[in-house]
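Since the structure comes first, as structure tokens, the remarks are kept for the end.
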Amino acid sequence: MTPELYSSLTLATPELIIAFGALALLMVGVYSGPRANATVTGLAVAILIGAGAWMLLFGGEGKAFGNSFVSDPFARFMKFLTLTGSVVTLIISVGFAKAEKFDKFEYPVLIMLATLGMMLMISANDMIALYLGFELQSLALYVVAAINRDSLRSTEAGLKYFVLGALSSGMMLYGISLVYGYTGNTDFDAIAAALAGGERQLGLVFGLVFVMAGLAFKISAVPFHMWTPDVYEGAPTPVTAFFAAAPKMAAMALMVRVTVGAFEPIAADWQQIVVFVSIASMALGSFAAIGQTNIKRLMAYSSIGNVGFALVGLAANSETGVRGVIIYMAIYLVMTLGTFAFILAMRRKDGNVEQIGDLAGLSSTNPMMATILTILMFSLAGIPPLAGFWAKWYVFLAAIDAGLYALAIIGVLASVVGAYYYLRIIKIMWFDEPVGGFMPMAGELRLVLGASGAFVLFYVLIGGPIGRVAQAAAKTFF
């Protein structure tokens with residue numbers, strides 16, 4: 001083994017742990033049958049935690065595999081968020097999967113493979129590596145969306161996601177081919193050097209647009225959001241929680257790395273795209289959610305709006321802006337996982353319910369659940385001093401520092417509109433007549449809901465260290 005290969009494998013150890021772990025668990029599941037389902041899920045959680053621990057304790061910095069893979073503070077922070085989303089999703093899936101009879105060993109294995117693809121995306125420093133990570137994630141997610149084969153809604157969600165996802169992959173690949181044609185390189189550093197040394201051409205800008213279109217699909221940004229409400233509603237709720245959490249972290253990290261890294265010399269071009277996508281996402285996410293009656297569809301439009309807010313920080317193209325994006329995604333992850341833990345707990349004797357009207361009078365039947373969801377809804381609305389307020393504060397501050405006053409003002413106005421549908425949920429829980437309580441929450445759901453509520457409520461006490469880590473991660477690019 002050459003020293004270069006040894007160094008590369010050392011930097012990619014967390015990914016190797018997950019890859020070999022997934023293959024081993026696949027064999028365990030195949031040869032053990034249905035009785036191994038719970039064991040495979042538990043081992044999958046342990047492997048993901050082990051990969052994260054290795055990354056934090058022994059992870060080095062540098063580039064590997066011919067400069068196509070990079071390990072730096074930004075990659076480590078975003079991978080930590082991605083792994084957190086995957087682990088929590090697997091934990092909160094256990095009870096629901098048993099109740100709905102889709103506790104198959106393939107589910108945790110697919111989650112691990114999707115997570116591996118996300119980690120490769122976050123560390124991609126080459127267009128080919130970007131595409132390979134993108135496809136590994138996507139192929140696993142297509143199957144996960146339709147994992148409940150007995151459900152017509154789940155099958156439909158998987159098919160819609162597959163068709164539109166294939167379209168986005170094709171657009172991205174076409175964009176990569178244009179970028180390669182006009183720069184002669186697929187390496188991010190070489191692309192940046194080529195763009196810095198010469199005049200940019202129109203065909204290259206078209207390539208940039210197509211690459212960003214593929215990434216915008218993964219983060220559910222307008223106008224590539226069409227799949228989100230239907231897939232969120234149709235997929236099993238734990239799968240929806242996964243879609244709303246981990247893939248968003250990876251795709252947003254990749255968007256930051258592509259724009260601020262590879263295409264930094266033509267920032268004036270991609271900033272226009274990001275500003276347009278940000279405004280459109282904030283507006284649609286805020287207004288389209290108002291009429292929703294299904295809480296999963298409402299969370300779909302909420303995620304579209306939140307992506308728009310995060311992109312405000314990216315549009316600033318500054319260290320402050322990237323730090324804002326990192327902090328926003330970390331806080332969004334916690335709020336989303338807490339909210340979906342609550343949605344999974346919306347269960348009556350005849351099964352889970354998803355209508356917002358089913359929350360009526362929850363403060364009378366289960367005041368603790370109602371209180372924590374109220375905290376999360378206030379945070380999503382951006383009410384100070386909760387975590388959601390600080391998330392928006394950092395991205396708007398970055399936009400103002402960059403002179404993007406109109407974008408910041410539109411963001412604040414969209415946030416005010418979005419507050420309406422969050423406050424409507426609070427009003428239904430506290431002031432409407434009860435329609436019947438839910439069954440007692442499972443222990444893992446209670447833990448996730450309580451932890452997310454505490455994080456959001458006491459963020460002002462722990463925000464300093466998180467901000468410093470985000471600052472160190474943002475310095476990677478500047």
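As the structure is a prediction and not an experimental result, all values here were calculated from the model.
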Practice problem: List in chain and number order the residues that pass side chain to side chain contact (heavy atoms under 4.5 Å, CB included) with M368, two or more places apart in sequence or in another chain; answer none if no residue qualifies. | Solution: N366, I372

Quiz item: Taking the side chain as C-beta and beyond, is there a heavy-atom pair between I425 and L373 under 4.5 Å?
Solution: yes

Exercise. Identify, with sequence neighbours excluded, every residue that meets side chain to side chain contact (heavy atoms under 4.5 Å, CB included) alongside V469.
Key: F77

Quiz item: Is there a side-chain contact between M118 and P247, using heavy atoms and a 4.5 Å cut-off?
Solution: yes

Enumerate donor-acceptor pairs with a distance under 3.5 Å from any side-chain N or O in residues 444-455 to protein atoms, sequence neighbours excluded.
unit_1 : atom_1 : unit_2 : atom_2 : d
R446   : NH2    : M441   : O      : 2.8
S452   : OG     : V448   : O      : 3.1
S452   : OG     : L449   : O      : 2.9

I'd like a table of donor-acceptor pairs (distance under 3.5 Å, sequence neighbours excluded) in which one partner is a side-chain atom from residues 390-404, with atom names and distances.
unit_1 : atom_1 : unit_2 : atom_2 : d
W390   : NE1    : P385   : O      : 3.3
K392   : NZ     : L380   : O      : 3.3
K392   : NZ     : S415   : OG     : 2.9

Practice problem: Can you tell me which residue pairs pass the side chain to side chain donor-acceptor pair (under 3.5 Å) test with a partner in residues 165-182, sequence neighbours excluded? | Solution: E135-S169

Practice problem: Name all pairs fulfilling the salt bridge (Lys or Arg N to Asp or Glu O under 4.0 Å) condition that reach into residues 404-420, sequence neighbours left out, sorted by first residue then second. | Solution: none

Quiz item: Any sub-3.5 Å donor-acceptor pair from S123's side-chain atoms to V70's backbone N or O?
Solution: yes

Quiz item: So, T13 side chain and T10 main chain: donor-acceptor pair closer than 3.5 Å or not?
Solution: yes

Quiz item: Can you tell if the side chain of L386 reaches within under 4.5 Å of the side chain of V460, non-hydrogen atoms only?
Solution: no

Quiz prompt | Residues forming a side chain to side chain donor-acceptor pair (under 3.5 Å) with S220, sequence neighbours excluded | solution = T228, K248

Quiz prompt | Non-hydrogen side-chain atoms of L423 and F378 separated by less than 4.5 Å | solution = yes

Practice problem: Rounded to the nearest 0.5 Å, what's the gap from CD1 on I18 to CG on L116? Could you check? | Solution: 6.0 Å

Quiz item: For T84, what residues pass the side chain to side chain donor-acceptor pair (under 3.5 Å) criterion, not counting sequence neighbours?
Solution: none

Quiz item: Is there a donor-acceptor pair under 3.5 Å between the side chain of W270 and the backbone N or O of L208?
Solution: no

Quiz item: Are E233 and K296 close enough for a salt bridge, meaning some N to O gap below 4.0 Å?
Solution: no

Quiz prompt | Chi angles and distances behind the side-chain contact (heavy atoms from CB on, under 4.5 Å) call for E264, F477 | solution = CA-CA 10 Å; E264 168 58 27; F477 302 102; over 6 Å; no

Quiz item: Between W227 and Y161, what is the ring plane arrangement, given parallel below 30°, perpendicular above 60°, and tilted in between?
Solution: tilted

Quiz item: If you look only at pairs with a residue in residues 58-71, which of them pass as a side chain to side chain donor-acceptor pair (under 3.5 Å), with sequence neighbours excluded?
Solution: E61-R76, K63-D189, N67-D187, N67-D189

Quiz item: So do the side chains of V222 and V277 get within less than 4.5 Å of each other, counting heavy atoms only?
Solution: no

Quiz item: Excluding sequence neighbours, so at least two apart, what forms side chain to side chain donor-acceptor pair (under 3.5 Å) with Y107?
Solution: S93

Quiz item: Side chains of S302 and Y422: is there a donor and an acceptor less than 3.5 Å apart?
Solution: yes

Quiz item: Under the salt bridge (Lys or Arg N to Asp or Glu O under 4.0 Å) rule, what pairs show up with a residue in residues 208-218, not counting sequence neighbours?
Solution: none

Quiz prompt | Ring centre gap for Y142 and F162 strictly below 6.0 Å | solution = yes

Self-check item: I122 and its side chain to side chain contact (heavy atoms under 4.5 Å, CB included) partner, picked from L81, T82, L254, V256
Solution: T82

Practice problem: Please assess Y232 against N294 for the test side-chain hydrogen bond (donor to acceptor under 3.5 Å, both in side chains), listing each intermediate value before the final yes or no. | Solution: CA-CA 10 Å; Y232 272 44; N294 183 292; over 6 Å; no

Which pairs of donor and acceptor atoms, one on a side chain in residues 307-326, lie under 3.5 Å apart (sequence neighbours left out)?
unit_1 : atom_1 : unit_2 : atom_2 : d
S318   : OG     : G321   : N      : 3.0
E319   : OE2    : Q471   : NE2    : 2.4
E319   : OE2    : K475   : NZ     : 3.1
R323   : NH1    : Q471   : OE1    : 3.2

